[in-house]
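Counting convention: from 1, in listed order, for ligands and their atoms alike.
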Amino acid sequence: SHSSFCFALAIFTPNPLGRKEGTWSEAQFCCWFQICIEGNIASGKTTCLEYFAKTNNIEVLPEPVSKWRNLRGHNLLGLMYEDVSRWAITLQSYVQLTMLEQHTLPLTAPIRMMERSIYSAKYIFVENHYRSCRMPAVDYEVLSQWFQWIISNVKIQIDLIVYLQTSPEACYKRLRNRCREEEQIVPLEYLVAIHQLYEDWLINHTLFTIPAPVLVIPADHDLQKMLKRYEKNWERILSPSRGPVTCSQ
Ligand SMILES: Nc1ncnc2c1ncn2[C@@H]1O[C@H](COP(=O)(O)OP(=O)(O)OP(=O)(O)O)[C@@H](O)[C@H]1O
Ligand SMILES: Nc1nc(=O)c2ncn([C@H]3C[C@H](O)[C@@H](CO)O3)c2[nH]1
């Protein structure tokens, strides 16, 4: 695992020789550093989180999928995949609440790494339901009013977005291998639509505002190569950045 962070309110200054010698500069107050891992379904976000979860003093928050699959006995994720027009607003309303809960949880470490965000729930998934005419306009408007109120009235800190950029085909192959029951009926076309919205949001900047600098990591590679990529980008991901960041190949 990587060098252990001293649990201090300070800026971590990675030593150019490599993180082993990285030290916390004392007496500098650190604004907690929050990272969101974004990407298509089965793009490898959970695997990325598991890699960084081994680093001391990083708090990792996976997507609360278990809540969406069992809310007092109701499987909202399953309902949505079975009948999206009927159940999309039900799931999205609960996704928006559970993501807001995660964004506003008290921090337990100098760095927080979250899987996705309240932004991608709205800008990617709600937007896709609406644009594919599977969500009535009235449902979209109600969700949008809630979303706008939340981001205008609640402080949601995101300092970096890591975008695991994949091809829909690679995600489809992994999704089929993973065999999450509710997703077995997900067609490739759905992943293509989600991919295009992510590209328009985080690459083309033609969708909605981007709440933080974006680090793009091509993520179609095999597991071993991806773990090496995370190793190479360790400092870029974990040290507070002051401007746009670029991925090292
Ligand atoms: N680089 C990779 N190459 C091949 N398979 C991978 C790779 N990364 C992850 N996988 C596998 O693909 C599946 C999806 O990976 P993972 O759960 O990390 O994706 P995810 O982005 O968290 O998915 P979701 O958006 O559904 O939460 C898992 O079965 C995982 O073992
Ligand atoms: N409809 C919908 N809205 C969301 O905000 C959302 N966020 C994630 N997901 C789906 C993708 C994976 O199947 C599974 C795990 O990511 O949950 C979502 N589905």
Side-chain angles (χ1 to χ4, degrees), residues 36-53 60-71 75-103 113-132 134-135 139-140 143-144 146-147 150 161-188 190-191 193-195 197-198 201 208 217-231:
C36 289
I37 310 295
E38 293 283 0
N40 205 338
I41 301 170
S43 55
K45 300 182 296 305
T46 304
T47 306
C48 176
L49 287 176
E50 285 166 356
Y51 173 84
F52 284 101
V60 164
L61 292 181
E63 256 181 340
V65 186
S66 56
K67 292 184 176 179
W68 309 338
R69 299 172 81 181
N70 182 5
L71 167 59
N75 181 347
L76 303 181
L77 187 68
L79 287 171
M80 182 279 297
Y81 278 131
E82 282 160 21
D83 182 354
V84 59
S85 298
R86 170 62 187 83
W87 297 110
I89 184 167
T90 308
L91 170 69
Q92 296 303 150
S93 179
Y94 191 52
V95 168
Q96 190 155 261
L97 169 63
T98 53
M99 294 312 283
L100 175 61
E101 282 175 331
Q102 293 213 152
H103 282 296
M113 189 175 276
M114 259 181 75
E115 186 178 9
R116 290 220 178 98
S117 63
I118 194 168
Y119 292 96
S120 50
K122 179 69 172 63
Y123 294 163
I124 305 296
F125 289 95
V126 171
E127 198 63 21
N128 181 50
H129 295 321
Y130 181 57
R131 291 189 179 196
S132 54
R134 288 197 288 261
M135 173 180 278
D139 291 1
Y140 181 79
L143 283 168
S144 300
W146 268 107
F147 177 77
I150 289 167
I161 291 174
V162 175
Y163 173 35
L164 299 185
Q165 187 180 43
T166 50
S167 66
E169 292 72 18
C171 291
Y172 188 64
K173 193 170 152 207
R174 295 174 187 176
L175 183 147
R176 308 295 296 173
N177 292 339
R178 177 180 52 198
C179 304
R180 187 180 275 156
E181 189 188 341
E182 298 86 344
E183 296 168 350
Q184 292 320 298
I185 53 176
V186 172
L188 174 61
Y190 188 72
L191 300 180
I194 296 294
H195 171 74
L197 283 165
Y198 262 116
W201 182 37
F208 296 104
I217 300 184
D220 269 359
H221 307 293
D222 65 47
L223 214 44
Q224 290 318 312
K225 190 160 184 184
M226 287 315 298
L227 297 179
K228 287 194 176 70
R229 282 286 169 92
Y230 299 142
E231 176 83 12

Quiz item: What orientation do Y198 and Y163 show, parallel under 30°, tilted 30 to 60°, or perpendicular over 60°?
Solution: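 Answer is parallel, since the angle falls under 30°.
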Quiz item: Where does the angle between the aromatic ring planes of Y140 and Y130 fall among parallel (under 30°), tilted (30 to 60°) and perpendicular (over 60°)?
Solution: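 Y140 vs Y130 ring planes: parallel.
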Exercise. Can you sort out the partners of Y190 under ring-ring contact (aromatic ring centres under 6.0 Å, His included), two or more places apart, ordered by chain and number?
Key: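 Y190 satisfies ring-ring contact (aromatic ring centres under 6.0 Å, His included) with no other residue.
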Spell out, as yes or no, whether a donor-acceptor pair under 3.5 Å connects the side chain of [X] to the backbone of [Y].
| X | Y | value |
| --- | --- | --- |
| H195 | S167 | no |
| E182 | G78 | no |
| S85 | M135 | no |

Closest protein heavy atom (residue, atom, distance) for [atom]:
| atom | answer |
| --- | --- |
| atom 19 (N) of ligand 2 | F125 CD2, 3.5 Å |
| atom 1 (N) of ligand 2 | Q92 OE1, 2.8 Å |
| atom 16 (O) of ligand 2 | E63 OE1, 2.6 Å |

List every atom of ligand 2 that sits less than 4.0 Å from any heavy atom of [X], numbering the atoms from 1 in the order shown and giving each element.
| X | answer |
| --- | --- |
| L77 | 10 (C), 17 (O) |
| I41 | 11 (C), 12 (C) |
| H129 | 1 (N) |
| Y81 | 10 (C), 11 (C), 12 (C), 13 (O) |
| R116 | 7 (N), 8 (C), 16 (O) |
| V95 | 5 (O) |

Quiz item: Does some non-hydrogen atom of R180 fall short of 4.0 Å from ligand 2?
Solution: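 Yes; R180 lies near enough to ligand 2 that a heavy-atom distance drops under 4.0 Å.
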Quiz item: Does Q165 have any side-chain hydrogen bond (donor to acceptor under 3.5 Å, both in side chains) partners at least two apart in sequence or in another chain, and if so, which?
Solution: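 Per chain and number, Q165 pairs via side-chain hydrogen bond (donor to acceptor under 3.5 Å, both in side chains) with E199.
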Answer side chain, backbone, both or neither: which part of [X] comes under 4.0 Å from ligand 2, heavy atoms only.
| X | answer |
| --- | --- |
| V126 | neither |
| E182 | neither |
| Y94 | neither |
| L91 | side chain |

Quiz prompt | Modelled atom types, side-chain donor and acceptor of E231 and Y51, under 3.5 Å | solution =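 A pair is found: one side chain offers a donor N or O, the other an acceptor, under 3.5 Å apart.
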Quiz prompt | Pair W68-T98, side-chain donor/acceptor within less than 3.5 Å | solution =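 Side chains of W68 and T98: pair found under 3.5 Å.
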Exercise. Begin with the C-alpha distance, continue with both residues' side-chain angles, and end with the deciding distance and a verdict on side chain to side chain contact (heavy atoms under 4.5 Å, CB included) for W146 and S93.
Key: CA-CA 9 Å; W146 268 107; S93 179; 5.8 Å; no
Practice problem: Could you say whether the N/O atoms of W68 and ligand 2 ever approach to under 3.5 Å? | Solution: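 There is no such contact.
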Quiz prompt | Close N or O approach (E183, ligand 2; < 3.5 Å) | solution =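 By distance alone, the answer is yes.
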Self-check item: pair I217-M226: side-chain heavy atoms closer than 4.5 Å
Solution: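 Side-chain contact under 4.5 Å: yes.
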Practice problem: Find out whether M99 and P64 are in side-chain contact, i.e. whether some heavy atom of one side chain is under 4.5 Å from a heavy atom of the other. | Solution: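 Touching, per the 4.5 Å side-chain cut-off.
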Determine all donor-acceptor pairs shorter than 3.5 Å in which one atom belongs to a side chain in residues 168-175; sequence neighbours excluded.
| from | atom 1 | to | atom 2 | distance (Å) |
| --- | --- | --- | --- | --- |
| R174 | NH1 | S43 | O | 3.0 |
| R174 | NH1 | A219 | O | 3.4 |
| R174 | NH2 | A219 | O | 2.9 |
| R174 | NH2 | D220 | O | 3.4 |
| R174 | NH2 | H221 | O | 3.3 |

Self-check item: Carboxylate-amine/guanidinium contact R178 E183, below 4.0 Å
Solution: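 Salt bridge flag = yes for E183 with R178.
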Atom pairs and distances, ligand 1 N/O vs protein N/O under 3.5 Å:
| from | atom 1 | to | atom 2 | distance (Å) |
| --- | --- | --- | --- | --- |
| ligand 1 | 1 (N) | R174 | NH2 | 3.4 |
| ligand 1 | 1 (N) | H221 | O | 2.8 |
| ligand 1 | 1 (N) | L223 | N | 3.4 |
| ligand 1 | 17 (O) | R178 | NH1 | 3.0 |
| ligand 1 | 18 (O) | T46 | N | 3.3 |
| ligand 1 | 18 (O) | T47 | N | 2.9 |
| ligand 1 | 18 (O) | T47 | OG1 | 2.7 |
| ligand 1 | 19 (O) | G44 | N | 3.2 |
| ligand 1 | 21 (O) | S43 | N | 3.2 |
| ligand 1 | 21 (O) | G44 | N | 3.1 |
| ligand 1 | 21 (O) | K45 | N | 2.9 |
| ligand 1 | 21 (O) | K45 | NZ | 2.5 |
| ligand 1 | 22 (O) | T46 | N | 2.9 |
| ligand 1 | 22 (O) | T46 | OG1 | 2.4 |
| ligand 1 | 22 (O) | E115 | OE2 | 3.1 |
| ligand 1 | 23 (O) | A42 | N | 3.1 |
| ligand 1 | 23 (O) | R178 | NH1 | 3.0 |
| ligand 1 | 25 (O) | A42 | N | 3.4 |
| ligand 1 | 25 (O) | K45 | NZ | 2.5 |
| ligand 1 | 25 (O) | R116 | NH2 | 3.4 |
| ligand 1 | 26 (O) | R178 | NH1 | 3.2 |
| ligand 1 | 26 (O) | R178 | NH2 | 2.7 |
| ligand 1 | 26 (O) | R180 | NH1 | 3.1 |
| ligand 1 | 27 (O) | E115 | OE2 | 3.2 |

